[in-house]
Amino acid sequence: MSETSPRLRAELEGIPTYKPGKPAAAGGPVAYKLSSNENPYPPLPGVMESVLATAGSFNRYPDMACTGLMTELADRFGVPVSHIATGTGSVGVAQQLIQATAGPGDEVIYAWRSFEAYPIITQVSGATSVRVPLTPGEVHDLDAMAAAITDRTRLIFVCNPNNPTGTVVRRAELERFLDRVPSDVLVVLDEAYREFIRDPEVPDGIEIYRDRPNVCVLRTFSKAYGLAGLRVGFAVGHEPVAAALRKTAVPFGVSQLAQDAAVASLRAEDELMGRVGALVGERTRVAEALRGQGWTVPETQANFVWLRLGDRTVDFAAACEKAGVVVRPFAGEGARITIGETEANDIFLQAAETFRKEL
């Protein structure tokens, strides 16, 4: 028998592995998980009832066209159904966007550090990543990103708010940047944390997309809506882009549970905004407390805060875990801490204060 392995694509060599937030240790001292930007609240009113009603038909395929969810989203955002595409979380839709636009020899531009899935899904497609460093203030350097565009550029991600720094791009600078991007290059506004924004100068990407055929907006039900475990996200883009997304979608990728839970979540918007408001209040409290301890904390409009820790990052994460909370370290760079329950935030703040005093 031959010992030759199946021939696999060379692009997969050395591909980075997506690192999910570390879970809280079962039975251990860790009580709270602040490492995955999850919503600490249970599902919104009506969601569990909807899911339980759907659970009886597991033996059937879901609606592949996501008809009910697509209609609900079109009504909610005032866009044509033909401008919407769904997928397995916004990261699933992001991968479909790259599949639809870029391959070997093409380039995908994004800020760095930004969402860690961008280099993975770019490399899987065979395209080349062009990483543009954040400014010293941890914000997208849009001038440098515009300067990085070449005739090989096919797609640009703008993560707004940026994961993991929480910083934002405001309207004037974003529109100035978009005016510089060639019309045949797709700009993806990744707005996974849109609901947490309180800065009035940060534009709603769906308003930006309406007059710009080369702009597409990503949203998710994983964060504010609390459906991270069901994997449902969507894109809003002009018809050629949305149609391409439907072509690259995995058939039946979004389960019926996810579709129905998303519809029920959209219909519980008052409760949603109350929960988001509470998390934003906690975000302010945590950020101000950290600054009071002497930390430098970038202004965040997401449901997390960022600490630039450099070579102290891993030690900081270990200290937090010992105290009872898991955070998300990016070795050599910094740590991202999700805003969770008040008790979890209090434990984290105490751990951060103790760590700083011991420096």
Checklist entry - What do the steps show when you test V108 against I121 for side-chain contact (heavy atoms from CB on, under 4.5 Å), and what is the final call? => result CA-CA 10 Å; V108 175; I121 59 180; over 6 Å; no
Next on the checklist: Between D204 and R219, does the salt bridge (charged side-chain N to carboxylate O under 4.0 Å, His left out) criterion hold? Intermediate values first, please.
Outcome noted: CA-CA 11 Å; D204 182 331; R219 297 280 179 90; 2.8 Å; yes
Next on the checklist: For M145 and V130: C-alpha separation, side-chain torsions, deciding distance, then whether side-chain contact (heavy atoms from CB on, under 4.5 Å) applies.
Outcome noted: CA-CA 9 Å; M145 290 176 73; V130 178; over 6 Å; no
Next on the checklist: I'd like to know whether C159 forms a side-chain contact (heavy atoms from CB on, under 4.5 Å) with Y118, so could you lay out the CA-CA distance, the side-chain angles of the two residues, the decisive distance to 0.1 Å, and finally the verdict.
Outcome noted: CA-CA 10 Å; C159 191; Y118 296 158; 3.5 Å; yes
Next on the checklist: Test side-chain contact (heavy atoms from CB on, under 4.5 Å) on V232 and Q259; report intermediate values, then the result.
Outcome noted: CA-CA 7 Å; V232 56; Q259 294 179 41; 5.9 Å; no
Checklist entry - Is there a side-chain hydrogen bond (donor to acceptor under 3.5 Å, both in side chains) between T167 and E138 once you walk through the steps? => result CA-CA 7 Å; T167 54; E138 310 280 12; over 6 Å; no
Item to check | Criterion salt bridge (charged side-chain N to carboxylate O under 4.0 Å, His left out) on E201 and R171, from CA distance to verdict | outcome: CA-CA 6 Å; E201 292 303 310; R171 181 183 308 277; 5.6 Å; no
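Clustering ILVMFWY residues whenever any of their side-chain heavy atoms sit less than 4.5 angstrom apart, transitively, puts V139 in a cluster other than the one holding L178. V51 and V254 fall within a single hydrophobic cluster, where Ile, Leu, Val, Met, Phe, Trp and Tyr side chains are chained together by heavy-atom contacts under 4.5 Å. I197 and V215 are members of different hydrophobic clusters when ILVMFWY side chains are connected at heavy-atom separations under 4.5 Å. Residues F221 and M273 are members of one and the same hydrophobic cluster, defined by side-chain heavy-atom contacts under 4.5 angstrom among Ile, Leu, Val, Met, Phe, Trp and Tyr. Follow the hydrophobic side-chain contacts under 4.5 Å out from V202 and you never reach L174; the two are in separate clusters.
If you check the side chains of N163 and R336, you find a donor sitting under 3.5 Å from an acceptor. Checking T54 against Q256 by side-chain atom types alone, no donor-acceptor pair falls below 3.5 Å. Under 3.5 Å, the side chains of Q301 and D199 contain no donor-acceptor pair of N or O atoms. Counted by atom type alone, N162 and S114 present one or more donor-acceptor pairs between their side chains at under 3.5 Å.
The minimum heavy-atom distance between A148 and T153, with the atom names listed, is O-OG1, 4.1 Å. Nearest heavy-atom pair, A102 versus R154, reported as atom, atom and distance to 0.1 Å: CB-CB, 4.1 Å.
Taking the six-membered ring for Trp and the full ring otherwise, F316 and W295 have centroids separated by under 6.0 Å. Aromatic rings of Y32 and F348 (six-membered ring for Trp) have centroids beyond the 6.0 Å cut-off, not under it.
Atom CG of D270 has 12 or fewer neighbouring heavy atoms from other residues, nucleotides or ligands inside a 6.0 Å radius. Within 6.0 Å of CE in M48 there are 12 or fewer heavy atoms belonging to other residues, nucleotides or ligands.
When atom types are taken as modelled, the side chain of N160 and the backbone of E191 share no donor-acceptor pair closer than 3.5 angstrom. Between the side chain of R113 and the backbone N or O of L134 there is no donor-acceptor pair closer than 3.5 Å. In this structure a side-chain-to-backbone donor-acceptor pair under 3.5 Å is present from R283 to A302. Between the side chain of R275 and the backbone N or O of Y41, no donor-acceptor pair lies under 3.5 Å. Counting only distance, with no hydrogens or angles, the side chain of Q293 and the backbone of E353 share a donor-acceptor pair below 3.5 Å. Remark: side-chain polar atoms of S129 are not paired, donor with acceptor, to backbone N or O of R131 under 3.5 angstrom. Looking only at distances, a side-chain donor or acceptor of N345 sits under 3.5 Å from a matching main-chain atom of G340.
Using the six-membered ring where Trp is involved, W112 and Y110 have ring planes that are perpendicular, over 60° apart on the 30 and 60° scheme. Using a 30° and 60° split on the angle between ring planes, Y209 and H83 fall in the perpendicular class, above 60°.
The CG atom of D315 lies 11.0 Å from the SG atom of C320; values are rounded to the nearest 0.5 Å. Interatomic distance, CD1 of I84 versus SG of C66, reported as 11.0 Å (0.5 Å rounding). Here CD of E107 is found 8.0 Å from CG of D151. Values are rounded to the nearest 0.5 Å. With rounding to the nearest 0.5 angstrom, the CH2 atom of W306 is 6.0 Å from the CZ atom of F330. We find the CD-CD distance between E195 and E269 to be 8.5 Å, quoted to the nearest 0.5 Å. Between atom CG of residue L44 and atom CG of residue L227 there is a gap of 7.5 Å, rounded to the nearest 0.5 Å.
Using a 4.0 Å cut-off between charged nitrogen and carboxylate oxygen, R291 and E288 do not count as a salt-bridge pair. By the 4.0 Å N-to-carboxylate-O rule, E299 lies close enough to R170 to be salt-bridged with it. Salt bridge absent: D143 and R176 never bring a charged side-chain N and a carboxylate O closer than 4.0 Å.
The shortest distance between side-chain heavy atoms of D184 and N214 does not fall below 4.5 Å. The shortest distance between side-chain heavy atoms of L266 and L69 falls below 4.5 Å.
Under the side chain to side chain donor-acceptor pair (under 3.5 Å) criterion, the residue pairs touching residues 222-233 are T220-S222, S222-R231, with sequence neighbours excluded. Applying the side chain to side chain donor-acceptor pair (under 3.5 Å) rule to pairs touching residues 93-105 yields nothing, sequence neighbours excluded.
Each of E333, E116, E38, E321 was compared with R328 under the salt bridge (Lys or Arg N to Asp or Glu O under 4.0 Å) criterion, and only E116 meets it.
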